[in-house]
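These figures come from a predicted structure and were not determined experimentally. Position 1 is the first residue of the sequence, and the numbers go up from there.
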Amino acid sequence: MALPFLPGNSRNKQLGKDRFHKSQHFDYSNGVPLLMGTEKPGIGGELLLGQEIKTKFSVYPKGEGSDLPAWVAFDKQALCFEAFCKEAETQARDETYRIRKFKIFFFLEDDTMQVVEPENKNSGIPHGTLIRRQRVPLPPPDDDQFYNIFHFNLNQQMVLYARTFTVTNCDSFTRNFLTKLGVILNIPATAPEDPHSRLLDKIEKSMTPLRPYERRDTLKQFLDHDREVLCFSCFWDDSESVFGDPHQLILHYYLSDDTVEILETITPNSGRDNPAKFLHRSKLPRHSAMMKQPGQMTDRTVLNVFDSNNQGKRYLLDSLKDDCYGDSDLRVGGEVNVWGRRVIITDCDDFTKEHYRSKYGIEEFTPLQYKGPVAPKPPRPVPPYNGFGSEEDSLSSCQGLLPKPPQKDFRKFMDKDRCGLESNILNFRAKTVTSDPVDRERVFVISFYLSDDSISVFERSQKNSGVLGGKFLERGRVKKPGQQLFKSQPSEYFTPQDLYVGATLVLNDKPFKLLDADEYTLNYMEKHAEEFPKANVGNILSKLRSIGEEKRSEIRKFLALSDPSKTGFIPYESFRGLMSGLDCVLSDHEVLVLARCFSQSEQQEADVGLMLAVAQDILRKKQTGRLSTKEVRSICKASHLPLPESLLTALLSKFADGDQIDFHAFLTGIDWVENAAPRVMPDDILKFGLNVRSDAGGAAVKKVNYSSLLNQVFGFIVNNNADPTTTAAS
C-alpha cells in the first residue's frame, strides 16, 4: 500500500543538502554565445539526466587510506619510465634517423608529467627538459582528457604533443606501485642503437693516443702550500733605452704551483700610467728572450721520427724538461731573466726570509742599496694673507684646487663645551685703560670660551652713567696686538693663559685691564694649575722662597705692625700691598691665589631654629609649596627650591646622617603652614645672604692667615703670644 504524497510521508531528496549553486554552461567567446561546459553538473553539483563524469585523476593504490588527499598521500612520489623516440634526420649524409632517449616522470600527487632528456656528450643537440611539468592531454579525439596512471605500461607507445615515445623500462618503485594497483606490466624492451652515437664512439676511439700522457699530481703541493707567497723587491734598470728610466718591481712567487707574478710600483707624479700587472701570473722560463705565442710551448715533443716502406711510420713521444724558475733560484742579490729583461732582486719580506732559513739554511739577507739619497722636498712658501675671509680659509685655498673649509678641533670642542653646571667659560671683570673720566668708570665682563678660544665682551648697564650697556664685542677669536695684517705666517690669537687678574688685554685696539674674576673661573684655574702658571701655588711659593734674608725680616716687621692684636690674620688689602712691593714681582692674580690658599676659614655654629625660620619666611613669600623628594642631587643643588646656596647647604648638613638625608624631617622643618616658626628680622635674613663675587666688586677674601704662610714658605713658627719681630726660624 502506497503512502499518500504528503509532507512527512515521502522521502525528501533535498534533506541534508547544503549546496544549491547553479553551474554556468554558457559564455561569450568573441561576442558569440556558446555552450562552454558540456560536462558541468546541475544544481548543487548533481549530475544531469544521462550525464557521466569521466575520472580525471588517479585512484589510490591498495593499502593506502582514502581519507587523505592525493597531495598528502603521494607527496614527493613520482613514477619514472625510460623511453625513446625516433626522429628523422634530413640534414646528415651518413644517417637518416636518430634515436633519442628520455626519462618520463609521472607525479602521483597531481597527475602531472615531465619529460627530460639526459645529456649525451658531443651530440650536437640541446638536452634537458623537453616537456615541463604539467598535465598532458591525450591525443585526439580524446584531447579533452589527460593522461593518468592507467595509461602507462612497458613496451608500448605514448603520444605526447604529437611526438611518439616508446616506453621501454621503469624503476623498481614504479614496478611495485603499478603491481599494487593491479596493472599487468609487459616485458621490458630495449632501445635500438643510435647511428649517431655509434659514430661518436668510433671517433672517440680513434682519438686515443698510442702512448698516454704522464699524469702530474700537483694536489699535494697545492694543499701544503696554498696561500703561501714569497715576496721580493726587485729593480729593473731600463735607462739605456730611449725614454727609459729605472723601474721598481715587486715579485710574487706562489709556492702552490710555482708561478711568478710581477707588479710595478709607480711613484706619484712620475708621468707613467699605473698598469694592472708587469707580468701576469704564470711560470717563468729561465732562457727565454721573447714571449711565446699560444701553442708554441708544449709539454711533449716527438723524437726519432722516421718513415720506412717496410715498417711504416714510427713516433716516439718524450716529455720536455720543465726549465722554469723555482724557489731555489730566487735569492737576495740574484738576477732573474724576465723574458729578456734583467731584473735584480734587492730585498724580501720576513715570511720569505723564514722560508729560506728553514728550507735551505740561508742566513744572509743583506738588502742591496740601489737608490741614491732621497732629495729633500722643495719648500712650499705660503703666499701672504690677501684680506679676503679668515686667514685659515684663505690658506685652505692655497693647499688644493678644490678649497675645503678649515677643520676645527672637534675633540677640544667636545671636551670643553658646556656640560651641565660646567660652563667652561672664564669670566673676568674689566675696565678700560683710558684717561677719559667717563670711559674709566665703565665696567665690562670679558668671557673666554674654552671650547674654541673665542672671546666676547659685555658691558654692564649703570644708572645715570650716560652709557648704554649690552654687547660690546661679538664672540670670536681675537688676534694679539702688534702683528702685521698681510703676512704668510699664521697670526697669534689670545689663549686662556693670557687672561688673569691684573693682565692688560688689547682687544681690537681697545685696552682692557682685568680686575677680578668670578668664583668658577678662579676654581677652574686653580684646578688646572698645570695649564695656568699664574694659578699654580707651587710656582708662587717658589718665587717667595727666592727672597733674601733682609726682605724676610722686613716682611716679619710689616706683619707684626699689621696684626697688633697678634691673631695671626691680616686684612687682604694689607697682604696685597705687602706682596706687590716684593722683588719677586707677583701679579695680582698670583697674590689673589696665594691669599685664597691661606685665607681665613671660620666655621660659625648656626642656630637650626633660626635657619628654619629664615627658610620658612622665604618659602612663604615665594608660595612654592613643598619640596620634591625624588632625587638627592636636585635637593643639594636647589634646582626647585628658591633658597640661597649658603642657607641650603647649612640646612642639608644639619639634616644629613652620613650620606643619607631624612627627607621627612627636612620637609617638616621647612613647612611654614603646619610648623610655623616665629617671625624673623631682616638682619637675620642677611646673615644667610649669598655673596656673589661678580656683584660685590671687591675681593671675597677678607683675612689671610700669614702665620701659616710664613711657616710653609720660610719655616717660621709664629707664636701669637710673642713678638713676631723676635721670632726665630725653626
Side-chain angles (χ1 to χ4, degrees), residues 209 211-238 240-241 244 246-266 274-305 315-368 370:
R211 181 179 177 183
Y213 293 100
E214 293 85 356
R215 181 183 178 185
R216 297 181 180 180
D217 187 10
T218 59
L219 180 60
K220 182 178 184 303
Q221 180 182 359
F222 173 78
L223 296 178
D224 293 342
H225 302 286
D226 185 25
R227 298 186 180 183
E228 294 184 3
V229 182
L230 306 181
C231 183
F232 298 90
S233 298
C234 305
F235 172 73
W236 173 43
D237 190 4
D238 191 32
E240 297 181 358
S241 61
H247 296 262
Q248 299 180 16
L249 306 176
I250 297 177
L251 188 146
H252 292 158
Y253 183 86
Y254 295 86
L255 297 174
S256 59
D257 54 358
D258 298 331
T259 55
V260 176
E261 178 188 52
I262 301 179
L263 307 177
E264 183 176 3
T265 303
I266 304 297
N274 192 7
K277 292 181 181 179
F278 186 81
L279 177 66
H280 286 274
R281 181 178 176 180
S282 60
K283 289 192 174 183
L284 183 61
R286 300 173 186 267
H287 309 290
S288 295
M290 296 180 61
M291 293 288 293
K292 301 294 185 180
Q293 298 295 330
Q296 291 184 356
M297 297 181 60
T298 59
D299 297 336
R300 300 169 64 85
T301 184
V302 180
L303 301 179
N304 300 331
V305 179
Y315 303 97
L316 179 62
L317 301 179
D318 189 17
S319 298
L320 294 176
K321 184 179 180 181
D322 188 8
D323 192 14
C324 297
Y325 280 102
D327 58 344
S328 60
D329 303 322
L330 306 176
R331 62 186 59 192
V332 177
E335 297 182 3
V336 179
N337 179 22
V338 183
W339 301 106
R341 295 165 179 83
R342 182 171 173 267
V343 177
I344 302 175
I345 300 178
T346 59
D347 199 1
C348 60
D349 60 355
D350 295 338
F351 174 78
T352 305
K353 295 178 182 178
E354 184 63 29
H355 173 77
Y356 282 96
R357 188 180 294 110
S358 60
K359 186 175 181 179
Y360 299 103
I362 299 176
E363 298 291 342
E364 184 65 25
F365 301 100
T366 304
L368 298 181
Y370 64 95

- Task: With the side chain counted from C-beta on, respond yes when Leu249 and Val343 share a heavy-atom pair under 4.5 Å apart, and no when they do not.
- Result: yes
- Item | Pairing of Arg281 and Asp257 as salt bridge, 4.0 angstrom limit | yes
- Heavy-atom side-chain contact between Cys348 and Phe365 under 4.5 Å: yes
- Item | Side chain to side chain, Cys234 and Leu251, heavy atoms closer than 4.5 Å | yes
- Query: Listed by chain and number, what are the ring-ring contact (aromatic ring centres under 6.0 Å, His included) partners of Tyr325, not counting sequence neighbours?
  - Reply: none
- Item | Heavy-atom side-chain proximity of Asn337 to Arg286 below 4.5 angstrom | no
- Message: How long is the straight-line distance from NE2 of His225 back to NZ of Lys220, given to the nearest 0.5 Å?
- Response: 7.0 Å
- Query: Which heavy-atom pair separates Leu368 from Gly333 by the least distance, and what is that distance?
  - Reply: CD1-CA, 3.6 Å
- Are side-chain heavy atoms of Thr366 and Glu364 found at a separation under 4.5 Å? yes
- Message: Just checking Tyr370: does its OH atom have more than 12 heavy atoms from other residues, nucleotides or ligands closer to it than 6.0 angstrom?
- Response: yes
- Query: Do the charged groups of Arg342 and Asp237 touch, with an N to O distance under 4.0 Å?
  - Reply: no
- Message: Can you list everything that forms a side-chain contact (heavy atoms from CB on, under 4.5 Å) with Leu263? Sequence neighbours excluded, please.
- Response: His252, Glu261, Lys277
- Task: Go through Glu228 and Tyr253 one step at a time and tell me if the side-chain contact (heavy atoms from CB on, under 4.5 Å) criterion holds.
- Result: CA-CA 9 Å; Glu228 294 184 3; Tyr253 183 86; over 6 Å; no
- Indicate whether the side chain of Asp258 and that of Gln221 have a donor and an acceptor atom separated by less than 3.5 Å. yes
- Message: So Val332 and Thr346, do their side chains get closer than 4.5 Å, heavy atoms only?
- Response: no
- Item | Backbone of Gly326 reached by a side-chain donor or acceptor of Asp329 within 3.5 Å | yes
- Message: Taking the side chain as everything from C-beta on, heavy atoms only, tell me whether Arg227 gets closer than 4.5 Å to Ser256.
- Response: no
Counting only pairs under 3.5 Å, give me each side-chain donor-acceptor contact of residues 349-357, with atom names and distances, residues two or more places apart or in other chains.
unit_1 : atom_1 : unit_2 : atom_2 : d
Asp349 : OD1    : Thr352 : N      : 3.0
Asp349 : OD1    : Thr352 : OG1    : 2.3
Thr352 : OG1    : Cys231 : N      : 3.0
Thr352 : OG1    : Cys231 : O      : 3.3
Glu354 : OE1    : Arg357 : NH1    : 3.1
His355 : NE2    : Asp327 : OD2    : 3.3
Tyr356 : OH     : Asp327 : O      : 2.4
Tyr356 : OH     : Leu330 : O      : 2.7
Arg357 : NE     : Glu363 : OE1    : 3.1

- Does Thr265 reach the side chain of Ile250, with side-chain heavy atoms less than 4.5 Å apart? yes
